[in-house]
K.L.:
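I have a structure I would like to understand better, so I am pasting it below and will then ask my questions one at a time.
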Amino acid sequence: MIDLRLVRENPDLVRASQRRRGADESLVDALLAADVARREVVKRADDLRGEQKSASQAVKKASPDERPAVLDRARALAAEVKEAEEAQRAADATLREVHVRIPNVVADEVPPGGEDDAVTLRTVGEVPAYDFAVRDHIEIGERLGAIDMERGAKVSGSRFYFLTGPGALLEFALAQLAISRAVAAGFTPVIAPALVKPSAMEGTGFLGEHDEEVYRIERDDLYLVGTSEVALAGMHQNEVLDLSGGPRRYAGWSSCFRREAGSYGKDTRGIIRVHWFDKVEMFSFARPEDTAAEHLRLLAWEEEFLQALELPYRVVDIAAGDLGTSATRKYDIEAWFPTQGTYRELTSTSDCTTFQARRLNIRYRDDDGKARTAATLNGTLCAIARTIACLLEVHQRADGSVHVPVALRPWLGGVEALTPGMTLAAPVPPATA
RNA sequence: GGAGGCUUCGCCUAGUCCGGUCUAUGGCGCCGCACUGCUAAUGCGGUUUGGGUUAAUCCCCAUCCCGGGUUCAAAUCCCGGAGCCUCCGCCA
C-alpha cells in the first residue's frame with residue numbers, strides 16, 4: 001500500500017507514476033474520492049458515538065422520573081450509531097479496495113518503457129567461446145546422472161525433476177556457498193516456512209496480479225510460497241523493529257512453488273522454469289531513507305556470488321512498465337546461457353520502500369522515538385535449479401565433463417570437474433584454521 | 001484428533017464471579033524536571049497504538065487476542081475463531 005498522505009498532498013506524483021507503469025491513472029482520483037468520503041462518514045460516526053456515550057452516562061445519573069425519556073434518547077442514538085458504523089465499514093472497504101490496487105510509486109531514475117526497455121548497466125565476464133557443439137543443461141545433466149526430467153514428470157508431472165548424484169550435491173553446494181557467504185556478510189540465516197497464511201501472502205502483494213501464479217491449499221486455507229520473501233517479510237508483521245544499528249538482514253532458504261500458469265510453451269525444456277525449486281533469498285528491513293543504498297548493496301552481493309561461480313552476466317535496470325507491484329526500482333542479473341545464445345534472468349532485487357511494510361504493519365523507532373513504517377528490500381542470492389542449469393551449460397567441456405568453480409569445490413569433495421560416470425566422494429568441508 | 005487452562009497500554013500485573021466514575025491498578029523499564037561536587041538514591045511529572053480535527057496545541061472517536069451478538073451502556077455477559085501452555089492419543 002502506498003502512503004495515503006502522499007496521495008493527498010501530491011496526487012500528481014502518483015498519477016505520473018501510474019502513467020509510467022502503464023497503469024490506470026484514474027485510480028488515483030478514485031482513491032482521493034474514497035478518502036474524502038471515508039473521512040466524512042468517520043466524522044459522523046465519531047460524533048454520534050460521542051453523543052451516545054454521554055447519553056448513556058446520563059441514564060445512570062437520571063432520576064427515576066427522568067429516566068424513561070433519557071433512556072428513549074439513548075436508544076434512538078444507539079440505532080443511529082449502528083447505522084453510521086455500517087456506513088463507515090462500507091467506506092473503509094471501498095477505500096481499501098482502491099488503495100491496494102495502486103502499485104508502489106516508481107523511482108525517478110527508473111527507465112521508461114516496458115518489458116523490452118530494460119537498460120543494461122554493465123556486462124561482466126567473458127562470454128565463453130566453445131570449439132565444439134554445445135549441449136544444453138539437460139543433456140549434460142543426464143550424462144552426469146545429475147538431472148532426471150523423465151522421472152520427475154512421471155512422479156509429479158511436467159516442470160518437475162529429480163536432482164540425483166552430482167546434481168543433488170550441487171544443490172547443497174550452492175546452498176552452502178550462498179548461506180556461508182551471506183552469514184559472513186552479516187546476514188542472519190533463516191530456514192523459512194514454505195506454507196503461509198493468507199495475511200502473509202496478501203501483505204507481500206502476491207494475491208493481486210500474481211494470484212494465478214500461486215498454489216493454494218484450499219482445505220487448510222494456506223498458500224505455498226513462490227519465494228521465501230513472503231515468509232521473511234511476514235516474520236516481523238505487526239512488530240516495531242530496532243533499526244538504529246542499520247538494516248536488519250536475513251538470508252532465507254526455502255522451497256519455492258510457482259504454477260507458471262501464463263507460461264505455456266516457454267522454457268518447456270529443462271529446469272530453467274519449473275513448478276518447484278529451492279532458493280536462498282536476501283531480505284532487508286531498513287529505514288526508508290536508506291533503501292537506495294541498501295538496494296545497491298544487495299545487488300553487489302548478488303554480483304559477487306555470480307563472480308564466485310565464474311559466470312558471465314549483465315546487470316539490467318528494469319523499466320517502469322515491467323516493475324513488480326511492490327517495487328519502486330528493480331535490478332535483474334542475467335547470466336549467459338550458451339545454448340540460448342543470450343543472457344537469462346538468474347537473480348532479481350527489488351526496493352519495496354514502505355509499500356510492503358505498511359500493509360504488514362512493520363515499523364521502527366526513529367530518532368525521536370516515534371514508530372514509523374519501515375522499508376523492505378529483497379534480492380535473490382541463489383535460485384538453485386536455474387543456477388545449476390547455467391553452471392552446467394557455461395562450464396561444459398567437449399568431453400561432457402563440467403568445470404567446477406573453485407568456490408564450490410569445498411562442498412563437492414574438492415573435485416575440479418564433474419565427469420560422466422564418476423562417483424563423487426562425500427563432500428567434506430575444509431578444516432578451518 | 002480429545003480434555004483443560006491462559007491471552008489487559010514495551011515487560012510483569014490488578015480488575016472479569018456480580019456490566020456503568022475502567023477516562024484501566026500497581027511495579028519494572030524509559031523520558032523530562034528537581035535535589036546533588038559527580039554518580040547513585042529520592043521526589044514530582046510524563047510514557048499504548050491508530051483515526052478524525054487543527055496553523056499548532058486543545059479536543060473527539062476507537063483500541064483490554066480477533067470477529068459477531070445482547071444492552072441505553074461490555075475488559076466484564078453470550079456465540080464463533082486464532083494463538084500459547086498442560087495432559088491424553090497418534091507420529092518423522
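Nothing here was measured: the structure is a model prediction, and the numbers come from that model. Below, chain A is the first sequence line, B the second, and so on; all start at residue 1. We use all heavy atoms of the structure for the numbers below, so side chains are in, but hydrogens, waters and symmetry mates are not.
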K.L.:
Just the rounded figure in Å: distance from P of B:G51 to CZ of A:R96.
P.N.:
14 Å
K.L.:
Go through B:U49, B:G51, B:G52 for me and flag the one nearest to the A:K43 side chain.
P.N.:
B:G52
K.L.:
Identify the nucleotide, in any strand shown, that forms a Watson-Crick or G-U wobble pair with B:U70, with both distances under 3.5 Å; if there is none, say none.
P.N.:
none
K.L.:
Taking only the C1' atom of each, what is the distance from B:G46 to B:G51 in whole angstrom?
P.N.:
23 Å
K.L.:
Please give the distance between the C1' atoms of B:A24 and B:C64 as a whole number of Å.
P.N.:
8 Å
K.L.:
Using purine N1 to pyrimidine N3 plus N6-O4 or O6-N4 for Watson-Crick, or N1-O2 and O6-N3 for G-U wobble, both under 3.5 Å, which nucleotide pairs with B:C58?
P.N.:
none
K.L.:
Please give the distance between the C1' atoms of B:C18 and B:C88 as a whole number of Å.
P.N.:
36 Å
K.L.:
Rounded to whole angstroms, how far apart are CE on A:M1 and P on B:G51?
P.N.:
11 Å
K.L.:
Return the pairing partner of B:C87 with a 3.5 Å limit on both distances, Watson-Crick or G-U wobble; otherwise return none.
P.N.:
B:G2
K.L.:
Using Watson-Crick or G-U wobble geometry with both distances under 3.5 Å, which nucleotide pairs with B:C18?
P.N.:
none
K.L.:
Using atom CZ of A:R363 as one end and atom P of B:G10 as the other, report the distance to the nearest whole Å.
P.N.:
11 Å
K.L.:
Between P on B:A55 and CD on A:E9, what's the gap in Å once rounded to a whole number?
P.N.:
14 Å
K.L.:
Parallel under 30°, tilted from 30 to 60°, perpendicular over 60°: which one fits the rings of A:W276 and A:F160?
P.N.:
parallel
K.L.:
Quick one: do A:R19 and A:E25 make a salt bridge, cutoff under 4.0 Å?
P.N.:
yes
K.L.:
Less than 4.5 Å apart, side chain to side chain, heavy atoms only: is that true for A:W253 and A:I384?
P.N.:
yes
K.L.:
Is it true that A:R15 and A:D12 have a side-chain N and a carboxylate O under 4.0 angstrom from each other?
P.N.:
yes
K.L.:
Which residue, A:R5 or A:K197, contacts RNA chain B at a nucleotide closer to its 5' end, judged by nearest heavy atom?
P.N.:
A:R5
K.L.:
Rounded to whole Å, how long is the line connecting atom CD of A:E239 with atom P of B:C11?
P.N.:
11 Å
K.L.:
Rounded to whole angstrom, note down the C1' distance from B:A74 over to B:G15.
P.N.:
14 Å
K.L.:
Looking only at atom C1', what distance separates B:G45 and B:C35, rounded to whole Å?
P.N.:
15 Å
K.L.:
Whole-Å distance between B:G50 P and A:R38 CZ?
P.N.:
14 Å
K.L.:
Generate the contact string for nucleotides 56-81 of chain B. Rules: B means base contact, S means sugar-phosphate contact only, - means no protein heavy atom under 4.0 Å.
P.N.:
-----SS-----S---BS--------
K.L.:
For the P atoms, the ones on B:U23 and on B:C61, what distance do you get once it is rounded to whole angstrom?
P.N.:
11 Å
K.L.:
Using the C1' atom as the point on both nucleotides, what is the distance between B:A82 and B:C66, in whole Å?
P.N.:
7 Å
K.L.:
What does B:U7 pair with, Watson-Crick or G-U, if both distances are under 3.5 Å?
P.N.:
B:A82
K.L.:
Classify the nucleic acid contact of A:R8 as base, sugar-phosphate or nothing, counting any heavy atom under 4.0 Å across all strands shown.
P.N.:
sugar-phosphate
K.L.:
May I ask you to decide whether A:R249 forms a salt bridge with A:E294, counting only side-chain N to carboxylate O separations under 4.0 Å?
P.N.:
yes
K.L.:
List the steps, then state whether salt bridge (Lys or Arg N to Asp or Glu O under 4.0 Å) holds for A:D242 with A:R365.
P.N.:
CA-CA 7 Å; A:D242 180 6; A:R365 294 219 180 271; over 6 Å; no
K.L.:
What does B:A40 pair with, Watson-Crick or G-U, if both distances are under 3.5 Å?
P.N.:
none
K.L.:
Expressed in whole Å, how much space separates the P atoms belonging to B:G10 and B:C65?
P.N.:
12 Å
K.L.:
Check for a donor-acceptor pair, side chain of A:Q396 on one end and backbone N or O of A:R135 on the other, with a separation under 3.5 Å.
P.N.:
yes
K.L.:
Would you call A:R287 and A:D366 a salt bridge, taking side-chain N to carboxylate O under 4.0 Å as the test?
P.N.:
no
K.L.:
What is the separation between atom CD on A:Q88 and atom P on B:G50, rounded to the nearest whole Å?
P.N.:
17 Å
K.L.:
Salt bridge or not for A:E260 and A:R159, using N-O below 4.0 Å?
P.N.:
no
K.L.:
Under a 3.5 Å cut-off for both contacts, is B:U47 paired Watson-Crick or G-U wobble with anything, and if yes, with which nucleotide?
P.N.:
B:G29
